[in-house]
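Note that this is a predicted model, so its numbers are computed, not measured.
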Amino acid sequence: MRTMWKGAIGFGLVSVPVRLYAAVQEHGLRLHQVHDKDGGRIHLKRVCEACGEQVDYEHIAKGYQDDEGHTAVVTQDELAGLPLPSKKLIDVLAFVDSGRIDPLQLSSGYYLAPESAAANKPYVLLRETLKQTERVAVTKIALRTRESLALLRVHGDLLTLHTMYWPDEIRDAGDLAPPSSVTVRPQELKMATSLMDTLSEEFDLEEQEDEYEIALGELINAHLSDRPVPKKETAPAPDNVIDLMAALQASIDSAARKPGEKAERPGRTAKKAAASGKSARSTAKKSAAPQKRTTGKKTAAASTASTGRKATAKTTTAKTAKKTAAAKKGGRRAAS
């Protein structure tokens, strides 16, 4: 890994010699300009508009033009001679809680490594102090002749540096946010939270890839090998949301759906749910009313039948008793 910058971290009287390395490397296929007719390369030439001559790079200076059209020419030597205290020093301005830093201010990221074995001790001391206090350091550094704010923080066992935009470089958002009168219901928040949980299940950031870059590579390979150009369609973005709750529910169902299952549109899902609810309520009403009438009739019939059986039983018992008494009386007369 190539060293980009050498200097030291300075806070108070403590100095930590370090080396700076690029922490990120943007990938991508590099395209250049060509003539679409024959594929010939397009070369850009540095031509002076005053004399019309092509200018070599070593004779190119920097210039600034004011509102009246006057140009101030500044040479590379003059720029290099400007006083720049942070040219070889990461100057710590303050140690603050990480929550005070707006992520909008963060720019490029770099690794910081100890310059030598002698720098290991103060390096580890600074790293552990930042880690235990859960703070970050706001610093200044000059890279490529431009001074900028920078954030010094702990990343694993390393110190990292993130260049920052100056506060006045962050544009005011103005009235871009929705009006404060727009509110959401607790049910909608609950559904949105459920959708977030569903989408986050088994998510692996390491598996994400640049689909556009892959498609571009396939396109270039097709041209190089004289194969048919592959065509891929991009699903259109939704242009409106009719029912927020239905859209949330459809999104949850879609995220949890097994591969191969078809998705239903939010509107259709809402209509089905409404129709199902009406059907269930109608069925409940129809089944409830006849049950009450039937139950009443059955109860009355059962009561009548029970009363009739009881009356018949009493009559039979009374007749039997009379016959028994008559038989006994007749037997006593015969004996006398």
Completion exercise
Shortest non-hydrogen pair, Gly10 vs Leu89, comes out as N-CD1, 3.7 Å

Handout entry: Donor-acceptor contact present, side-chain Asp97 to main-chain Gly99, <3.5 Å
Key = no

Practice task
Mind jotting down which residue pairs meet the side-chain hydrogen bond (donor to acceptor under 3.5 Å, both in side chains) criterion with at least one end in residues 119-141? Sequence neighbours excluded, please.
Solution key: none

Practice task
Please go through Leu104's hydrophobic cluster and name the other residues, only I, L, V, M, F, W, Y counting, with side-chain heavy atoms under 4.5 Å joining them.
Solution key: Tyr165, Ile170

Atom pairs and distances, side-chain donor-acceptor, residues 49-59, under 3.5 Å, sequence neighbours left out:
none

Problem - Within-4.5 Å side-chain heavy-atom neighbours: Val16 and Pro114 - result: no

Practice task
Show which residues join Trp166 in its hydrophobic cluster (side-chain heavy-atom contacts under 4.5 Å, direct or indirect), or state none.
Solution key: Leu93, Val96, Ile101, Leu106, Val136, Val138, Leu149, Leu151, Met164

Exercise for the section: With the side chain counted from C-beta on, respond yes when Thr71 and Tyr64 share a heavy-atom pair under 4.5 Å apart, and no when they do not. Expected result: no

Problem - Smallest separation among heavy atoms of Arg153 and His162, with atom names - result: NE-NE2, 3.1 Å

Handout entry: Spatial distance of atom OG1 (Thr193) from atom CD (Glu188) [nearest 0.5 Å]
Key = 11.5 Å

Exercise for the section: State yes or no: do Leu112 and Leu125 share one hydrophobic cluster built from I, L, V, M, F, W and Y residues joined by side-chain heavy-atom distances below 4.5 Å, directly or via other members? Expected result: no

Practice task
Check whether any side-chain heavy atom of Val18 sits under 4.5 Å from a side-chain heavy atom of Leu161, and report yes or no.
Solution key: no

Problem - CE/Met196: more than 12 non-hydrogen atoms of other groups inside 6.0 Å - result: no

Exercise for the section: With sequence neighbours left out, write down each residue that passes side-chain hydrogen bond (donor to acceptor under 3.5 Å, both in side chains) with Arg100, or none if nothing qualifies. Expected result: none

Handout entry: Closest approach of Val92 to Ala137 (non-hydrogen atoms, all atoms of both residues)
Key = CG1-CB, 4.1 Å

Problem - Side-chain hydrophobic cluster, 4.5 Å single linkage: members besides Val34 - result: none

Problem - ILVMFWY network linking Met1 to Leu158, side-chain heavy atoms under 4.5 angstrom - result: yes

Handout entry: Residues forming a side-chain hydrogen bond (donor to acceptor under 3.5 Å, both in side chains) with Arg171, sequence neighbours excluded
Key = none

Exercise for the section: Using atom types as modelled and distance alone, determine if a side-chain donor or acceptor of Thr198 lies under 3.5 Å from a backbone N or O of Ser194. Expected result: yes

Practice task
Can you measure from CH2 (Trp5) to CD1 (Ile90) and round to the nearest 0.5 angstrom?
Solution key: 4.0 Å

Completion exercise
Separation between CG (Leu159) and NE2 (His155), nearest 0.5 Å, reads 11.5 Å

Exercise for the section: Rounded to the nearest 0.5 Å, what's the gap from OG on Ser200 to CG on Leu195? Could you check? Expected result: 8.5 Å

Donor-acceptor contacts under 3.5 Å from residues 207-219 side chains, at least two apart:
{"from": "Gln208", "atom 1": "NE2", "to": "Asp204", "atom 2": "O", "distance (Å)": "3.2"}
{"from": "Asp210", "atom 1": "OD1", "to": "Tyr212", "atom 2": "N", "distance (Å)": "3.2"}
{"from": "Asp210", "atom 1": "OD1", "to": "Glu213", "atom 2": "N", "distance (Å)": "3.1"}
{"from": "Glu213", "atom 1": "OE2", "to": "Leu29", "atom 2": "N", "distance (Å)": "2.4"}
{"from": "Glu218", "atom 1": "OE1", "to": "Lys232", "atom 2": "NZ", "distance (Å)": "3.2"}

Handout entry: Non-hydrogen side-chain atoms of Leu31 and Ile220 separated by less than 4.5 Å
Key = yes

Exercise for the section: Compare every heavy atom of Ala8 with every heavy atom of Ser15, then report the nearest pair and how far apart it is. Expected result: OG-CB, 3.6 Å

Completion exercise
Those residues at least two apart in sequence (or on a different chain) that pass side-chain hydrogen bond (donor to acceptor under 3.5 Å, both in side chains) with Glu169 are Arg146

Handout entry: Straight-line distance of Lys62 NZ to Thr75 OG1, nearest 0.5 Å
Key = 12.0 Å

Handout entry: Remaining members of the apolar cluster that contains Leu79, side-chain heavy atoms under 4.5 Å
Key = Val74, Leu82

Exercise for the section: Could you list all the side-chain hydrogen bond (donor to acceptor under 3.5 Å, both in side chains) pairs where at least one residue sits in residues 28-42, not counting sequence neighbours? Expected result: His35-Asp38

Handout entry: All pairs passing side-chain hydrogen bond (donor to acceptor under 3.5 Å, both in side chains) where residues 104-117 contributes a residue, at least two apart
Key = Arg19-Glu115

